[in-house]
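Below you'll find the structure, written out as structure tokens, and then a few comments.
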Amino acid sequence: MCIGQVGNLLPHVTLSANLAQHLMPTWGLSAAEGGLMASGYAFGYMLAVPVLTTLTDRIDARLVLLWGSIVSGLATAAFGIFAQGFWSATAIWSLAGLGFAGAYMPGLKALTDRLPAGDSSRAVTLYTSSFSVGVGLSFLVAQLIADRWGWRTAFLVTGFGPIAMVVACLLMQEQRPAPKAGRLLNFAPVFANREALGYIFGYGAHCFELYGIRTWLVGFWTFVVAHQGAPSWLSPVVLSFCFAVISMPASILGNEAALKFGRHRAITVVMIASVCLALVIGLNATAPAWVLALLLLVYGLTVPADSGALTAGMSAAAVSEHRGATLALHSTVGFGLSAVGAWGTGAALDAAGGPQSATGWLLAFSVLAVGIALGPLALLWARKVQPGGAKSI
């Protein structure tokens, strides 16, 4: 499943990886338009995931995963062939996000349905953290191919990645959930689960920050190279790949810290650290390149370190018969705020002078800091009072 997910993620940031250097100059887009185009992926995901993930409470999640992977790959290849400007690109990229809605959380459901009874937090964390490996390869492959053979070829090649998950689906045994009555989109039991909601809203803050920085990381480092210079080996390709790949150990270690010190406490510390780093980077956008590279790599640890713990916490807090609906709301909130994060950072850049302005990057990183700062507030709100007055951690 983890290998299949890496393949499914090969298209994931193909647009973001080529946004600043290829797509925006080719089509004459502003930063806000570029961010909105990138957010189309998250928007398509947000629209489809409530239905597709809740559907896994009624049919084998493997089927949803199979068809979602196929649509994701075909739409990515279609972008390389048919995209001609802002509107067509946004529409096709939204379709790719719709396909991924059938590929990520339904994949998690297909995995957890086939795990033995007991604590599955490490398996869930390994699955969610392999997300980072896929994103890192997406950054790497998309930029290398685009720089050599053009951005259209990059979309065509990465569109073949989901074949890995198609193969994984075909190798899985069938497993149908127990018959279930009632409405398909019944989120009332999820909204009644305050503990799960805390993790869901915290995940939304995490996704706002994560998608915002992934959309504009290459653009920011392009700005740094243009104004401060950097060693030839420290290119946007190398930096974005390293930033994404170190997310996997960060997510795993973050979950281990959550198991040892308590989820709420560990996640809150990580989020506050991320707020501080975002502000430091924004305030020092004109610092020497090696200083910014170190800061970004540390930021690359804090941004994803809460991901596995948030998803594992949500999964553990979910009532078993409503797990599909809980996963659906988790993803809807997460990717809905991902879309806002990608567009919001782009709009902030435009408002403060554009991608070639240090003030623009200060405002953009400040927006990311404000977004992730809402996470600890969500966890504080959801903290349950146990019998005897003790609070959950």
Side-chain angles (χ1 to χ4, degrees), residues 1-19 38-42 44-46 48-49 52-53 64-77 79-80 93-111 124-146 154-169 203 206-207 210-211 213-215 217-218 237 240-252 300 303-304 307-308 311 331 334-335 338 342:
M1 285 294 295
C2 291
I3 293 170
Q5 182 177 215
V6 169
N8 250 350
L9 283 158
L10 200 59
H12 194 69
V13 292
T14 304
L15 189 147
S16 298
N18 291 295
L19 181 62
S39 72
Y41 191 92
Y45 185 104
M46 180 188 69
V49 75
L52 296 179
T53 307
V64 180
L65 176 61
L66 173 66
W67 287 105
S69 303
I70 292 171
V71 171
S72 174
L74 290 176
T76 303
F79 191 105
W93 202 231
S94 298
L95 183 61
L98 186 151
F100 190 65
Y104 181 48
M105 280 299 170
L108 179 60
K109 181 68 160 52
L111 175 65
V124 170
T125 298
L126 185 61
Y127 176 83
T128 56
S129 59
S130 66
F131 196 109
S132 305
V133 177
V135 172
L137 286 176
S138 181
F139 267 124
L140 182 65
V141 172
Q143 290 178 83
L144 289 177
I145 293 177
F155 280 92
L156 286 170
V157 171
T158 56
F160 284 95
I163 292 175
M165 186 60 91
V166 171
V167 173
C169 289
Y203 183 70
H206 157 79
C207 287
L210 179 66
Y211 209 75
I213 186 59
R214 280 183 176 165
T215 298
L217 178 62
V218 172
V237 176
S240 57
F241 175 73
C242 293
F243 186 93
V245 169
I246 61 176
S247 298
M248 183 174 187
S251 184
I252 293 173
V303 169
S307 176
T311 302
S331 268
F335 277 78
S338 292

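- Using a 4.5 Å heavy-atom threshold, the side chains of R214 and S247 count as touching.
- Using a 30° and 60° split on the angle between ring planes, W93 and F155 fall in the perpendicular class, above 60°.
- The aromatic rings of F335 and Y45 lie parallel to each other, with less than 30° between the two planes, well short of the 60° mark.
- If you take CG on L15 and OH on Y41, they are separated by 10.5 Å, rounding to the nearest 0.5 Å.
- When every heavy atom of S16 is checked against every heavy atom of A38, the shortest pair comes out as OG-CB, 4.3 Å.
- Proximity of a side-chain donor or acceptor of S72 to a complementary backbone N or O of G99 within less than 3.5 Å is not detected.
- If you take OG1 on T311 and CZ on F131, they are separated by 10.0 Å, rounding to the nearest 0.5 Å.
- Shortest non-hydrogen contact noted between H206 and P304 is CE1-CA, 3.9 Å.
- In this structure, Y127 and C2 approach most closely via the heavy-atom pair CA-SG, 3.8 Å.
- The shortest distance between side-chain heavy atoms of T14 and S138 falls below 4.5 Å.
- With sequence neighbours excluded, the residues forming a side-chain hydrogen bond (donor to acceptor under 3.5 Å, both in side chains) with N8 are S69, listed by chain and number.
- Between M1 atom CE and L108 atom CG the span is 8.0 Å, to the nearest 0.5 Å.
- Note that CZ of F241 and CD1 of I246 are 11.0 Å apart. Values are rounded to the nearest 0.5 Å.
- To the nearest 0.5 Å, atoms CG (L140) and CG (L10) are separated by 9.5 Å.
- Checking side-chain atoms of S251 against main-chain N and O of G308 turns up a donor-acceptor pair under 3.5 Å.
- Every residue two or more places apart in sequence or in another chain that forms a side chain to side chain contact (heavy atoms under 4.5 Å, CB included) with A342 is listed here: S39, Y211, T215.
- In this structure the side chain of L9 never reaches within 4.5 angstrom of the side chain of L137, judged on heavy atoms.
- Residues A77 and L156 come closest through the heavy atom pair O-CD2, 3.5 Å.
- When side chains are defined from C-beta on, Y104 counts as touching Q5, because their heavy atoms get closer than 4.5 Å.
- Qualifying side chain to side chain contact (heavy atoms under 4.5 Å, CB included) partners for I145, counting only residues two or more places apart in sequence or in other chains: V141, W149, T153, A154, V157.
- Atoms CG and CG, on L74 and L95 in that order, are 9.0 Å from each other to the nearest 0.5 Å.
- Nearest heavy atoms, P162 versus G159: CD-O, 3.4 Å.
- When all heavy atoms of S130 and V6 are compared, the closest pair comes out as O-CG2, 3.8 Å.
- Residues I213 and F243 form a side-chain contact, since some pair of their non-hydrogen atoms from C-beta on lies under 4.5 Å apart.
- Contact check for L19 versus V218: no side-chain heavy atoms found under the 4.5 Å cut-off.
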